[in-house]
Amino acid sequence: MKVSPSLLAADFAHLSSEIDMINTSSADYLHLDVMDGVFVPNISFGFPVLKTVGKICSKPLDVHLMIVNPDRWISHVRDIGAEIMNVHVEATTHLHSTIMRIHDSGMKAGVTLNPATPVSSLEDIIADVELVLLMSVNPGFGGQPFIRHTLDKVRQLRNLIEKSGSNALIEIDGGVNERTGAELSEAGADILVAGSYIFGAEDPKRNIDLLKSL
């Protein structure tokens, strides 16, 4: 299992030391949630902060845009050194075009589904993306309980990936801990995003290791 700790749950008064912890951990990525207060009812951090994070983080950046008009920010995401740019199906008018533009910028393209958005909405573009992120909570705030139906969606998505011949990885964000992580692993997930389970732990590196072992 791959692990992508969510910076949204970090202690921003000690951001440098939090990223140092990630750098020296077994984490595979650093997950960055960008919120605009429009697509979701919250605001997180902007590109000045992300640019700084990109300079000091040695892990690949997994950037999740919870914003309207994500196309406007493709070059900004590229410029912070992101490996993956992830956009919401629900926020993107011309999804195939957006995916192509992300690829043209040299990044891997990911698409995100909110809890109420069906897996079937990906049938026409699943072969064009490197990653699908399933939200297992409603986007906008951390600390929400895991939505159990996500397990069924992971199985549906795994079936779609295998039938289409896609190489897309399945990433899950929301309510992830050792228990739900084990269930998601069994259902077919590839990457777990975790915020408070990691940054709120007494031993964050141990919890990263626990998720990776699933």
Visitor: Got a donor-acceptor contact below 3.5 angstrom from the Thr92 side chain to the Val87 backbone?
Guide: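 Looks like no, no N/O pair under 3.5 Å.
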
Visitor: So which pairs with a foot in residues 205-214 pass salt bridge (Lys or Arg N to Asp or Glu O under 4.0 Å), sequence neighbours left out?
Guide: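 Qualifying pairs: Asp28-Lys212.
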
Visitor: Under 3.5 Å, sequence neighbours excluded: what are the donor-acceptor pairs made by side chains of residues 145-152?
Guide:
{"residue": "Arg148", "atom": "NH1", "partner": "Glu183", "partner atom": "OE1", "Å": "2.8"}
{"residue": "Arg148", "atom": "NH1", "partner": "Glu183", "partner atom": "OE2", "Å": "3.3"}
{"residue": "Arg148", "atom": "NH2", "partner": "Glu183", "partner atom": "OE2", "Å": "2.8"}
{"residue": "Thr150", "atom": "OG1", "partner": "Ile147", "partner atom": "O", "Å": "2.7"}
{"residue": "Asp152", "atom": "OD1", "partner": "Arg155", "partner atom": "NH1", "Å": "3.1"}

Visitor: Under 3.5 Å, is there a donor-acceptor pair between the side chain of Ser44 and the main chain of Met35?
Guide: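 Yes; judged by distance alone, with no hydrogens or angles, the pair exists.
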
Visitor: With a 4.5 Å limit on heavy-atom distance, are the side chains of Tyr197 and Glu178 in contact?
Guide: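 Side-chain contact under 4.5 Å: yes.
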
Visitor: Are the side chain of Lys59 and the backbone of Ala27 linked by a donor-acceptor contact shorter than 3.5 Å?
Guide: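 The answer is yes, because a donor-acceptor pair under 3.5 Å joins these two groups.
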
Visitor: Check whether any side-chain heavy atom of Ile191 lies under 4.5 Å from a side-chain heavy atom of Leu131, and answer yes or no.
Guide: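 A side-chain contact under 4.5 Å exists here.
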
Visitor: Mind checking ring pair (Phe, Tyr, Trp, His ring centres under 6.0 Å) for Phe39 and listing every partner two or more places apart, or none if nothing turns up?
Guide: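 Applying ring pair (Phe, Tyr, Trp, His ring centres under 6.0 Å) to Phe39 gives His88.
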
Visitor: A side-chain contact here means heavy atoms from C-beta on lying under 4.5 Å apart; do His64 and Glu171 qualify?
Guide: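 Result no, sub-4.5 Å side-chain heavy-atom pair not found.
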
Visitor: Given the rule that I, L, V, M, F, W and Y join up when any side-chain heavy atoms are under 4.5 Å apart, are Met100 and Trp73 in one cluster?
Guide: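 Yes: a chain of side-chain contacts under 4.5 Å links Met100 to Trp73.
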
Visitor: Please enumerate all residues that pass side-chain contact (heavy atoms from CB on, under 4.5 Å) together with Asp20, with sequence neighbours excluded.
Guide: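 Result, side-chain contact (heavy atoms from CB on, under 4.5 Å) vs Asp20: Ser16, Asn23.
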
Visitor: For the side chain to side chain donor-acceptor pair (under 3.5 Å) test, which of Thr117, Asp173, Asn86 pairs with Thr112?
Guide: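 Passing option: Asn86.
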
Visitor: Quick check on Lys2: does its NZ atom have over 12 non-hydrogen neighbours (other residues, nucleotides or ligands) under 6.0 Å away?
Guide: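 For Lys2, atom NZ is not crowded (no more than 12 foreign heavy atoms under 6.0 Å).
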
Visitor: Could you tell me whether the side chain of Ser185 and the main chain of Ala182 form a donor-acceptor pair under 3.5 Å?
Guide: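 Between the backbone of Ala182 and the side chain of Ser185 there is no qualifying donor-acceptor contact (under 3.5 Å).
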
Visitor: Under the side-chain hydrogen bond (donor to acceptor under 3.5 Å, both in side chains) definition, can you give me all pairs with a residue in residues 94-104, not counting sequence neighbours?
Guide: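 Pairs touching residues 94-104 that pass the test: Asp71-Thr98, Asp71-Arg101, His103-Glu130.
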
Visitor: I'd like a table of donor-acceptor pairs (distance under 3.5 Å, sequence neighbours excluded) in which one partner is a side-chain atom from residues 157-169, with atom names and distances.
Guide:
{"residue": "Arg158", "atom": "NE", "partner": "Gly188", "partner atom": "O", "Å": "3.3"}
{"residue": "Arg158", "atom": "NH2", "partner": "Gly188", "partner atom": "O", "Å": "2.6"}
{"residue": "Arg158", "atom": "NH2", "partner": "Asp190", "partner atom": "OD1", "Å": "3.3"}
{"residue": "Arg158", "atom": "NH2", "partner": "Asp190", "partner atom": "OD2", "Å": "2.8"}
{"residue": "Ser164", "atom": "OG", "partner": "Leu160", "partner atom": "O", "Å": "3.0"}
{"residue": "Ser164", "atom": "OG", "partner": "Ile161", "partner atom": "O", "Å": "3.2"}
{"residue": "Ser164", "atom": "OG", "partner": "Ser166", "partner atom": "N", "Å": "3.2"}
{"residue": "Ser166", "atom": "OG", "partner": "Ile126", "partner atom": "O", "Å": "2.9"}
{"residue": "Ser166", "atom": "OG", "partner": "Ala168", "partner atom": "N", "Å": "3.0"}

